[in-house]
Amino acid sequence: MENSIRNAIIKFEQEFLGRGPDEVRALVARDLVVVRLKGVLTPAERQLAKTAEGIEMVKRLRQNLIAQGRDKLCEQVSEITGSKILGLFTDIDVQLGERIFVFTMDRDIQSGIR
């Protein structure tokens with residue numbers, strides 16, 4: 001299940017944001033799905049991230065893009081887990097070039113993992 005979630009996130013990033021991350025790890029813990037993406041910034045975003053104003057610009061842009069693709073992303077994770085997603089929380093650390101997704105589910109899905 002974790003590998004399927006990982007692959008869905010990579011595909012989403014490639015199709016929706018135009019570039020995939022360098023590394024993705026997914027973890028299912030009871031009613032949570034946590035996904036850590038490394039190397040998510042484009043070269044242009046890395047240049048912008050050299051200033052405080054640029055960091056805020058990149059964060060706002062990425063938050064807006066995720067907001068637009070939120071339904072599609074949640075639908076994919078829901079199909080994989082067989083659970084309803086109650087919430088999606090995300091943040092990006094522009095200086096590290098990492099993003100975290102946390103999905104809250106309507107039930108404990110960890111017991112379904114073999």
Side-chain angles (χ1 to χ4, degrees):
M1 183 182 299
E2 290 169 342
N3 194 48
S4 295
I5 292 167
R6 176 189 168 280
N7 291 338
I9 297 290
I10 291 170
K11 185 177 178 184
F12 171 82
E13 290 270 318
Q14 289 172 336
E15 291 177 356
F16 197 79
L17 301 174
R19 179 185 183 282
D22 294 338
E23 183 182 333
V24 178
R25 285 191 290 167
L27 172 70
V28 174
R30 298 186 183 218
D31 61 347
L32 298 174
V33 174
V34 180
V35 184
R36 179 181 182 190
L37 298 85
K38 293 182 178 181
V40 298
L41 299 180
T42 66
E45 289 171 328
R46 284 194 297 274
Q47 287 299 315
L48 282 172
K50 291 181 179 179
T51 66
E53 183 179 299
I55 289 170
E56 288 306 310
M57 190 182 307
V58 172
K59 285 182 75 106
R60 280 193 314 269
L61 173 67
R62 287 295 185 121
Q63 290 297 78
N64 288 337
L65 288 170
I66 291 300
Q68 291 179 11
R70 179 185 185 100
D71 291 343
K72 180 178 180 178
L73 183 58
C74 286
E75 181 181 305
Q76 290 174 345
V77 174
S78 183
E79 285 179 16
I80 293 166
T81 61
S83 300
K84 180 180 175 186
I85 295 177
L86 301 176
L88 168 58
F89 305 88
T90 183
D91 198 9
I92 185 169
D93 185 314
V94 177
Q95 293 170 315
L96 289 177
E98 290 190 17
R99 172 182 286 285
I100 296 288
F101 289 110
V102 178
F103 298 87
T104 56
M105 315 305 284
D106 68 342
R107 64 182 181 85
D108 184 338
I109 57 173
Q110 189 174 23
S111 59
I113 298 174
R114 295 184 182 110

Query raised in the report: Minimum heavy-atom separation for Ala26 to Glu2, with atom names?
Result: CB-O, 3.5 Å
Query - Spacing of Gln76 atom CD and Lys11 atom NZ [to the nearest 0.5 Å] - result: 7.0 Å
Report task. Quick one: pull up OG1 in Thr42 and CD in Gln47 and give me the separation to the nearest 0.5 Å. Result -> 9.5 Å
Requested in this report: Please confirm whether the backbone N or O of Leu88 pairs with a side-chain atom of Arg70, one donor and one acceptor, at under 3.5 Å?
Outcome: yes
Report summary line: All heavy atoms of Leu61 vs all of Glu45, minimum pair found to be CD2-OE2, 4.1 Å
Report task. Check whether any side-chain heavy atom of Ile85 lies under 4.5 Å from a side-chain heavy atom of Val33, and answer yes or no. Result -> no
Query raised in the report: Would you say Val77 and Phe101 make side-chain contact, with heavy atoms under 4.5 Å?
Result: no
Query raised in the report: About how many Å separate CG of Asp106 and CG of Asp31, when rounded to the nearest 0.5 Å?
Result: 9.0 Å
Report task. Decide whether Ile92 and Met57 are clustered together by the hydrophobic rule: side chain heavy atoms of Ile, Leu, Val, Met, Phe, Trp, Tyr closer than 4.5 Å, transitively. Result -> yes
**Report entry** Main-chain N/O of Val24 paired to Arg6 side chain as donor or acceptor, under 3.5 Å
**Finding:** yes
Requested in this report: For Glu98 and Arg36, indicate whether the former's side chain and the latter's backbone hold a donor-acceptor pair under 3.5 Å.
Outcome: no
Query raised in the report: Are Ile100 and Phe12 grouped together when hydrophobic residues (ILVMFWY) are joined by side-chain heavy atoms under 4.5 angstrom apart?
Result: no
Query raised in the report: Which pair of heavy atoms, one from Val28 and one from Met1, lies closest together, and at what distance?
Result: CG2-SD, 4.2 Å
Query raised in the report: Do Arg46 side-chain atoms and Leu41 backbone N/O form a donor-acceptor pair below 3.5 Å?
Result: yes
**Report entry** Residue pair Ile80 / Ser4: nearest heavy atoms and the distance that separates them
**Finding:** CD1-O, 3.4 Å
Query raised in the report: Hey, is CD on Gln95 packed in by over 12 heavy atoms from elsewhere, all under 6.0 Å?
Result: no
Report task. Decide yes or no for Ile55 and Lys59: does some side-chain heavy atom of the first lie under 4.5 Å from some side-chain heavy atom of the second? Result -> yes
Query raised in the report: If you look at every heavy atom in Thr81 and Arg107, which pair is closest and at what distance?
Result: O-NH2, 3.4 Å
Query raised in the report: Are Phe103 and Val34 connected, step by step, through hydrophobic side chains (Ile, Leu, Val, Met, Phe, Trp, Tyr) whose heavy atoms are closer than 4.5 Å?
Result: no
Report task. Give a yes or no on whether Ile10 and Leu37 share a hydrophobic cluster (residues Ile, Leu, Val, Met, Phe, Trp, Tyr; joining criterion: side-chain heavy atoms under 4.5 Å apart). Result -> yes
Report task. Please check if the side chain of Ser83 supplies one atom and the backbone of Ser78 the other of a donor-acceptor pair under 3.5 Å. Result -> no
Query raised in the report: Phe89 and Ile9: same hydrophobic cluster, using ILVMFWY side-chain contacts below 4.5 Å?
Result: no
Query raised in the report: At what distance, to the nearest 0.5 angstrom, does CZ of Arg62 lie from CG of Asn64?
Result: 12.0 Å
Query - Flag, side chain of Arg99 to backbone of Pro21, donor-acceptor distance under 3.5 Å - result: no
Query raised in the report: Would you say the side chain of Met105 lies within less than 4.5 Å of the side chain of Leu32, judging by non-hydrogen atoms?
Result: no
